[in-house]
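Read the structure below first, then the notes.
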Amino acid sequence: MDVDLILRVYPFFLQAAWVTIQLSVLTAVLGLACGSLGAAARLSRLRIFRIIGAVYVSLFRGTPALIQLFILYFGGPQIGIQLDAFEAGVIGLGVNIGAYMTETIRGAIIAIDRGQTEASRTLGLSRWQSMRYVVLPQAARLMIRPLGVNINALIKGTALVAAISVVELTYTAQRYIGSTYKPFEMFLLSGTLYMIIIYATGRGIAWLDRRARIT
Amino acid sequence: PSAASAEELDTIREKGVIRIAMSGAYPPFNFVNEQNQVVGFDPAVGTEIAKRMGLEVEIVTTAWDGIIGGLLANKYDAIVGSMSITEERDKVVDFVGPYYTTKRAVFTKSGSPITSVSQLGDARVGVTLGETHEQWAREQGYSIRTYKGLPELLLELENGRVDAIVNDSIAAILAMKEIGYDFVMVPDLETDVIGAGIAIREGNPQLMAEMQAALDAMMEDGTYLKIAEEWVGGDIR
Amino acid sequence: MTDTAFVEIRNAAKSFGSLQVLRDINLKVERGQIVAIIGPSGSGKSTLLRAINELDPLSSGEIWLEGVQINKKLPHRQYERHVNQVRQDIGMVFQHFNLFPHLTVRENITLAPKLLKGMSAGEANALAEQQLAKVGLMEKIDAYPSQLSGGQKQRVAIARALAMKPKVMLFDEATSALDPELVEEVNLVMKQLAEEHMTMIIVTHEMGFAESVCDRVLFMDGGVVVEEGPPEVIFRNPENERTRAFLRKHLQTNHNR
Amino acid sequence: MTDTAFVEIRNAAKSFGSLQVLRDINLKVERGQIVAIIGPSGSGKSTLLRAINELDPLSSGEIWLEGVQINKKLPHRQYERHVNQVRQDIGMVFQHFNLFPHLTVRENITLAPKLLKGMSAGEANALAEQQLAKVGLMEKIDAYPSQLSGGQKQRVAIARALAMKPKVMLFDEATSALDPELVEEVNLVMKQLAEEHMTMIIVTHEMGFAESVCDRVLFMDGGVVVEEGPPEVIFRNPENERTRAFLRKHLQTNHNR
Amino acid sequence: MSLDFTVVPQFLDVILLGVLWTILITLGASVLSFFVGIFFAIIALYAPWFVRLPFRAFEWLFMGTPLLLQLFLIYFGLIQVGIDLPAFVAGVIGLGLHYAVYNSELIQASILAVDRGQTEAARTLGLSRMQTLRYVVVPQAVRDVIPPIGNNMIALLKDSALVSVIGVSELTLSAQQAIGRTFRPFEFYVTAAAFYYAINLIMEAVQRRIERRIALSR
Ligand SMILES: Nc1ncnc2c1ncn2[C@@H]1O[C@H](COP(=O)(O)OP(=O)(O)OP(=O)(O)O)[C@@H](O)[C@H]1O
Ligand SMILES: Nc1ncnc2c1ncn2[C@@H]1O[C@H](COP(=O)(O)OP(=O)(O)OP(=O)(O)O)[C@@H](O)[C@H]1O
Ligand SMILES: [Mg+2]
Ligand SMILES: [Mg+2]
């Protein structure tokens with residue numbers, strides 16, 4: 001174990017971890033947006049939206065994220081989509097995780113007892129009002145934990161963008177392995193940082209979940 | 001598409017920056033130093049060419065197996081990453097150079113029964129995915145295993161999971177010296193000299209010409225030799 | 001218009017897929033009248049009640065409330081608006097309460113008046129207090145539903161419905177999910193409403209309560225009204241054999257002696 | 001040994017934390033006797049029943065079955081073996097049936113005899129058929145519990161318990177989770193067991209059934225036996241004021257007339 | 001550069017071989033993750049603390065780091081301590097253990113969710129603790145957890161693409177090889193995606209059938 005080497009290069013791993021964190025945050029935001037839209041589409045009254053939602057979920061959950069990323073990044077320009085690696089990483093992973101979040105959000109909404117909608121509709125609330133004031137506030141609590149699981153997967157998924165030349169934690173490790181021939185030291189560094197990021201996120205989610213449960 | 005070609009050099013000039021790509025994991029040609037900067041023979045050559053063209057340089061590191069895809073997808077303007085010039089590649093990209101030459105080299109552990117290339121018949125041979133050597137090994141009908149890069153190849157030969165590896169000689173020899181592996185080079189008489197070139201997108205004769213001119217000039221005036229001696233320890237033209 | 005009763009159902013029929021659940025039901029309820037609907041499980045009682053406020057729209061037939069047809073055929077947007085409007089006049093109480101668990105008792109009651117009647121927080125609050133006082137639960141105003149017993153929950157649900165000042169109240173087995181001890185407190189509230197001449201349609205399995213409160217009893221079976229009349233007649237002297245069989249069985253298994 | 005009754009409970013007491021649920025209960029049941037336990041919710045009826053087969057072991061006191069002490073203090077391994085042994089002699093029927101949903105009716109019944117009595121598949125099958133015939137459910141032998149009605153489930157649960165040839169059967173509100181229509185079929189099976197002189201201890205809310213089947217009735221409240229005697233006395237002429245209040249309330253809310 | 005899918009058929013044999021490897025990896029890792037998942041769940045719930053604690057750390061390692069890194073470590077790391085796994089086996093083990101940890105979480109929750117009444121009924125009949133677990137609780141828990149485990153296995157199929165990094169010629173690597181020869185990334189990645197999607201659809205269909213079959217025994 002080359003401790004000196006670790007001590008010399010760890011600041012660059014911290015920088016790379018920061019890239020991973022930025023990637024994760026942006027991807028999560030985009031994923032949540034796609035997930036909300038997707039869920040709205042899947043629950044829409046209009047058949048055409050429901051079909052679009054279902055196809056979105058099926059295609060993006062049905063193929064590997066790595067392949068989606070390659071198609072977007074390498075293939076995109078062939079059909080006129082020109083993105084830099086970071087943008088492609090965020091968009092590719094975000095749209096991908098959005099498909100999973102669609103199902104999480106939809107699941108939480110349909111888990112709310114039908115009686116709740118019936119009671120609010122019976123009082124005269126419109127479809128939208130009963131969604132807004134009765135169903136969504138209850139569903140929001142139910143979705144915190146499963147969305148947390150999605151976000152956990154997403155953080156680990158950011159390692160995939162190493163393949164399209166974003167220098168985040170995993171590619172930093174790979175580059176250093178290339179020049180130092182010390183794979184284990186490098187993996188120890190990147191692995192530890194991943195665990196810290198994931199652990200902290202997990203605690204954050206648990207905290208949110210507890211707070212939501214209090215009422 | 002000569003109109004387009006003129007434009008591409010123009011766009012680069014307009015931005016004042018040329019983006020060059022390499023894996024960043026192929027010492028001594030390109031690798032990250034302990035200050036996390038990408039250095040080595042390739043970046044030095046690339047930077048010098050850019051300087052002579054009056055451009056800034058931006059270095060992109062990307063995994064080798066996607067490096068040509070990235071060039072075609074316009075993620076950068078040139079690959080200055082120790083890419084061997086082959087006929088097949090030449091169909092898809094244009095090459096400036098060669099800016100150095102090397103040979104294919106086959107290595108085994110010292111003491112291995114394999115002492116010549118002809119004995120590789122049913123040996124397990126490690127190659128880097130997407131390198132010229134992969135294709136050569138495939139054509140010879142060896143049972144090949146593909147890896148991401150030289151570090152994995154060396155590791156696997158040391159670990160004994162492959163009996164031989166195929167790689168450019170210079171990089172491998174220097175790497176072995178660096179880590180102190182006890183490998184030997186198998187004599188390979190068939191090998192031709194392999195030229196490493198700078199890959200650019202096809203149909204850019206002006207860009208190609210200017211880069212070639214810059215390269216020729218630096219070879220002429222001794223800058224090239226200085227760079228080569230700094231990073232490789234000798235002239236590798 | 002002048003010839004419709006306060007609540008009137010004409011030739012109501014309803015199918016779920018191939019299953020015909022209601023067949024040609026007719027019913028008139030005058031203002032202030034209290035009607036009980038009894039009958040075996042699956043006879044269509046809930047379906048009828050849910051049809052009245054368009055939760056399960058009829059397949060055919062008409063439903064009128066005070067001269068307004070509830071189940072009008074309208075283009076989608078207009079229909080939605082119309083339905084949201086008439087539902088405000090129809091209070092409904094469910095077997096499983098369906099209180100909103102994320103809102104306090106106060107918020108449960110004031111949500112609809114604030115959203116739909118544009119009441120200010122102050123007005124809505126006063127209303128909530130008034131309705132809660134009526135069901136005897138003032139002290140629970142800031143509790144969450146999870147902190148209430150079943151009987152208290154149902155009383156809040158009634159207060160919530162009343163806060164919209166409905167013209168008619170529908171009860172679907174309002175006490176059958178309650179422990180025996182808690183039934184009485186809910187029945188008391190309903191009796192009080194009866195004394196105030198609230199128009200009510202009550203689906204119930206409690207014959208004793210039905211008898212003591214209602215003006216008229218309908219016995220349904222297999223999606224039709226088999227027999228109807230004043231409680232004395234239906235409970236003591238039913239004409240129809242199916243009614244008799246139902247009452248016999250019901251009294252036997254439920255009372256056990 | 002000779003001076004213990006068939007089932008005997010002596011000075012039974014039980015606390016959950018600081019809550020004392022049973023206080024000094026004494027009970028003797030002779031072979032073939034049928035005892036009903038009634039009382040308000042929370043009075044400790046279930047706890048007493050569950051103590052008899054060590055599901056909720058007593059805090060103090062003794063329980064004997066045919067001269068063997070059930071709740072012996074023993075080292076852990078021996079205790080486990082002892083308990084598994086005596087439980088084979090005590091059949092128990094739960095309010096919520098607790099059939100094994102992943103097994104067919106046949107497998108539900110044969111599981112324990114096969115594992116514990118080393119019966120062959122053939123023997124166990126014959127036994128299952130015999131027990132099912134008894135509860136009138138031969139045709140459901142290969143059904144899964146999810147395909148049965150509540151009443152049928154409970155009859156299978158009884159057959160499952162009987163297959164172990166228990167010396168005494170415990171029933172904890174065996175019919176109170178059933179729809180009124182389905183209660184009678186389970187009561188019939190229990191009556192039949194009574195005619196075969198099975199020793200039974202029955203916790204129930206159905207006074208009518210208790211009166212018609214039992215030899216003795218215990219009224220429990222607050223963890224003690226308040227009053228006990230033959231059903232005629234307890235139901236018609238209870239001495240204790242609490243018994244009277246309970247019966248009055250119970251008849252009122254449950255019967256509603 | 002315009003799209004030209006006519007280059008694809010030339011490489012169909014390479015791609016199909018990749019499909020075969022992908023299926024083999026997925027099958028192997030799924031089976032492994034299922035049985036090891038049950039084993040892990042029982043350890044997590046019932047093992048003494050000195051087994052449970054190290055086990056939790058191990059679980060954390062798998063939950064807290066990318067699969068990519070785990071595959072590297074298993075393949076290039078274990079051999080340093082003398083465990084030489086062929087790439088295919090390393091891939092199956094890496095994927096299998098990774099998902100076993102996830103399956104174990106599901107199975108644990110499911111074991112705890114089995115109604116207490118089930119245990120009570122079994123104990124009342126005289127079954128011992130072990131017998132109750134073996135014949136009553138675990139079968140129900142596993143049955144209840146088959147749908148989410150099915151989802152995990154479908155996720156596993158997609159993560160099998162990562163095994164390309166240790167050089168197993170599965171579908172993704174096959175596509176990359178074809179791209180290395182033709183320099184046509186879009187065409188081959190789309191082709192690979194189509195094959196993944198087809199396998200995914202088949203797995204979903206199988207999952208639906210199994211769910212219908214177990215619906216009865218609930
Ligand atoms: N949404 C639905 N889809 C299909 N069938 C339904 C639906 N709602 C009710 N049914 C069926 O309609 C019939 C009548 O049901 P309904 O709930 O009106 O009976 P009920 O008289 O209220 O019975 P209970 O006393 O059990 O509440 C039943 O056979 C029921 O299964
Ligand atoms: N496992 C337990 N832990 C703590 N308290 C318990 C437990 N089981 C029962 N109790 C409490 O013991 C008291 C008696 O419960 P028990 O279930 O024996 O009453 P019961 O007479 O059977 O009532 P019911 O008619 O509602 O079934 C209750 O206050 C109950 O809350
Ligand atoms: Mg109903
Ligand atoms: Mg009880």
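Lettering of chains follows the sequences in order, A, B, ..., and the numbering in each one begins at 1.
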Exercise. How long is the span from the OH atom in Tyr133(A) to the CG atom in Leu111(C), to the nearest 0.5 Å?
Worked result: 8.0 Å
Problem set entry | Within residues 151-171 of chain C, residues adjacent to chain A where the heavy-atom gap is under 4.5 Å | Arg160(C), Ala161(C), Met164(C)
For this session: Decide if atom CZ of Phe49(A) counts as having more than 12 heavy atoms of other residues, nucleotides or ligands within a radius under 6.0 Å.
Result: no
Exercise. Relative to chain A, which segment of Ile90(C) carries a heavy atom at a distance below 4.5 Å: side chain, backbone, both, or neither?
Worked result: backbone
Seminar exercise, completed: d(Leu103(C) CG, Gln138(A) CD) to nearest 0.5 Å is 7.5 Å
For this session: Supply the atom-to-atom distance Leu116(C) CG to Ser126(A) OG, rounded to the nearest 0.5 angstrom.
Result: 8.0 Å
For this session: Would you please go through residues 75-88 of chain C and name the residues with a non-hydrogen atom below 4.5 Å from one of chain A, in numerical order?
Result: His76(C), Glu80(C), Asn84(C), Arg87(C), Gln88(C)
Exercise. What part of Phe100(C) is in contact with chain A, defined as an atom under 4.5 angstrom from a non-hydrogen atom: side chain, backbone, both or neither?
Worked result: both
Problem set entry | Under 3.5 Å: donor-acceptor pair, side chain of His102(C), backbone of Val135(A) | no
For this session: Sort by residue number and list every member of residues 96-123 of chain A having a non-hydrogen atom under 4.5 Å from chain C.
Result: Asp113(A), Arg114(A), Gly115(A), Gln116(A), Glu118(A), Ala119(A), Ser120(A), Arg121(A), Thr122(A), Leu123(A)
For this session: Only counting residues at least two apart or in another chain, list the ones meeting side chain to side chain donor-acceptor pair (under 3.5 Å) with Arg31(C).
Result: Glu66(C)
